Amino acid sequence: MEESELRRLWEITVEQLEAEGILKNPLIKEAFLKLPRYLFVERRYWSYAHLDEPLPIPAGQTISAPHMVAIMLELAELKPGMDVLEVGTGSGWNAALMAELVKGEVYTVERIPELVEFARRNLERAGYSDRVHVIPGDGTKGFPPKAPYDRIIVTAGAPEIPKPLIEQLKPGGKLIIPVGSYHLWQDLLEVIKRPDGSIKIKNHGGVAFVPLIGEYGWKE
Ligand code: SAM
């Protein structure tokens, strides 16, 4: 399939997400249009990249469905200049979208070395390698060198909210994280750290993510 056709199919997907009321913020729509998902999957999956479902990436992991990424970005309410962290780089797609929305740098942690390389290649090709920093390691511990953060987005399912991620949020900051069972069922939580340091949790319902594996996540 020609790249022009892949882009056309992607535009239809984005229009559809908007029509369904999932994509609301025009800036997120703009970022989606700028960063078609096919740029972040292996070539053999290009013609599936517009479909609103997860797709395989190397090491048995997945790139999330477009609607899921849109929902998390809408909840995150990213603004230019914010300090942000992603846990679970995968393909690098969500991190690149975050970079578009904060108009600056993004730190993203990935535990599987093969995916660190995969994401770096994708980000290089898409022109984001100078702004998206892929950090190898266990993201359940956050990334202390650049903390505290205005926003943290976790794109894998945790058994509970990792303590270091709360600690690394600024007062008034927000963490978006799926929390629940090991296999494919979690609640999408919006965890807000109030200015006094206390925590408020809003539950946005059922989602399905691969497990968050690490010291403050599931054990291998
Ligand atoms: N955000 C990704 C994207 O845009 O392609 C999709 C992420 S995929 C659903 C979840 C990722 O989380 C996998 O790449 C997995 O290896 C990673 N992961 C799981 N546990 C992790 C941990 N403790 N630290 C960092 N990454 C982790």
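Values in this document were obtained by computation on a predicted structure and should not be read as measured data. Note that ligands are numbered from 1 as they come in the structure, with each ligand's atoms numbered from 1 the same way.
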Would you kindly confirm whether M72 and I192 end up in one hydrophobic cluster when ILVMFWY residues are joined by side chain heavy atoms under 4.5 Å apart? no
Looking at ligand 1, would P211 count as a contact under a 4.0 Å heavy-atom criterion? yes
Cation-pi check, R43 onto W46 ring (under 6.0 Å, within 45° of axis): yes
Between E86 and ligand 1, does any nitrogen or oxygen pair lie at a separation below 3.5 Å? yes
Numbering as shown, the atoms of ligand 1 that approach S91 to under 4.0 Å (heavy-atom distance): 3 (C), 4 (O), 5 (O)
Counting each atom of ligand 1 from 1 as listed, which ones have a heavy atom of I112 under 4.0 Å away? 16 (O)
Rounded to the nearest 0.5 Å, what's the gap from CH2 on W218 to CG on L212? Could you check? 10.0 Å
Closer than 4.0 Å to some heavy atom of N94 - which atoms of ligand 1 meet that? 1 (N), 4 (O)
Any heavy atom of G137 sitting closer than 4.0 Å to ligand 1? yes
If you round to the nearest 0.5 Å, how far is NZ of K174 from CG of L189? 12.5 Å
Tell me, which protein residue and heavy-atom name are nearest atom 24 (N) of ligand 1, and how many Å apart are they? G139 N, 2.8 Å
Between D138 and ligand 1, which residue portion shows a heavy-atom distance shorter than 4.0 Å: side chain, backbone, both, or neither? both
Taking N or O atoms only and a 3.5 Å limit, does G88 qualify as a polar contact for ligand 1? yes
Heavy-atom distances under 4.0 Å are what count here, so tell me which part of V210 touches ligand 1: side chain, backbone, both or neither. side chain
What is the nearest protein non-hydrogen atom to atom 7 (C) of ligand 1, stated with its residue, atom name and distance? T155 OG1, 3.3 Å
Kindly compute the distance separating NZ (K103) from CG (L27), expressed to the nearest 0.5 Å. 7.0 Å
Measuring from E15:CD to K29:NZ, what's the distance to the nearest 0.5 Å? 4.0 Å
Near Q61 (heavy-atom distance under 4.0 Å), the atoms of ligand 1 are 13 (C), 14 (O), 15 (C), 16 (O)
Just wondering, are more than 12 heavy atoms of other shown residues or ligands nearer than 6.0 Å to NZ in K200? no
Are K163 and E215 within salt-bridge range, i.e. N to O under 4.0 Å? no
Worked verdict on D83 versus K146 for side-chain contact (heavy atoms from CB on, under 4.5 Å): CA-CA 8 Å; D83 295 313; K146 293 290 169 182; over 6 Å; no
Give the C-alpha distance, both sets of side-chain angles, the deciding distance and a yes or no for salt bridge (charged side-chain N to carboxylate O under 4.0 Å, His left out) between D138 and R111. CA-CA 5 Å; D138 175 6; R111 65 180 281 271; over 6 Å; no
Among all the protein's non-hydrogen atoms, which is closest to atom 26 (N) of ligand 1, and how far away is it? R111 N, 3.3 Å
At a 4.0 Å threshold, what atoms of ligand 1 neighbour a non-hydrogen atom of T140? 23 (N)
Does only the side chain of E110 get under 4.0 Å from ligand 1, or the backbone, or both, or neither? Count heavy atoms. both
The atoms of ligand 1 lying under 4.0 Å from a heavy atom of T89, numbered in the order shown, are 1 (N), 2 (C), 3 (C), 4 (O), 5 (O)
Judged by modelled atom types alone, do E53 and Y48 share a side-chain donor-acceptor pair under 3.5 Å? no
Within the structure, does I213 bring an N/O atom to less than 3.5 angstrom of an N/O atom in ligand 1? yes
With a 6.0 Å cut-off on ring centres, are Y128 and W93 close enough? no
Going by the order shown, which atoms of ligand 1 are within less than 4.0 Å of some heavy atom of V109? 25 (C), 26 (N)
For ligand 1, which atoms sit closer than 4.0 Å to a heavy atom of T62? 6 (C), 7 (C), 8 (S), 9 (C)
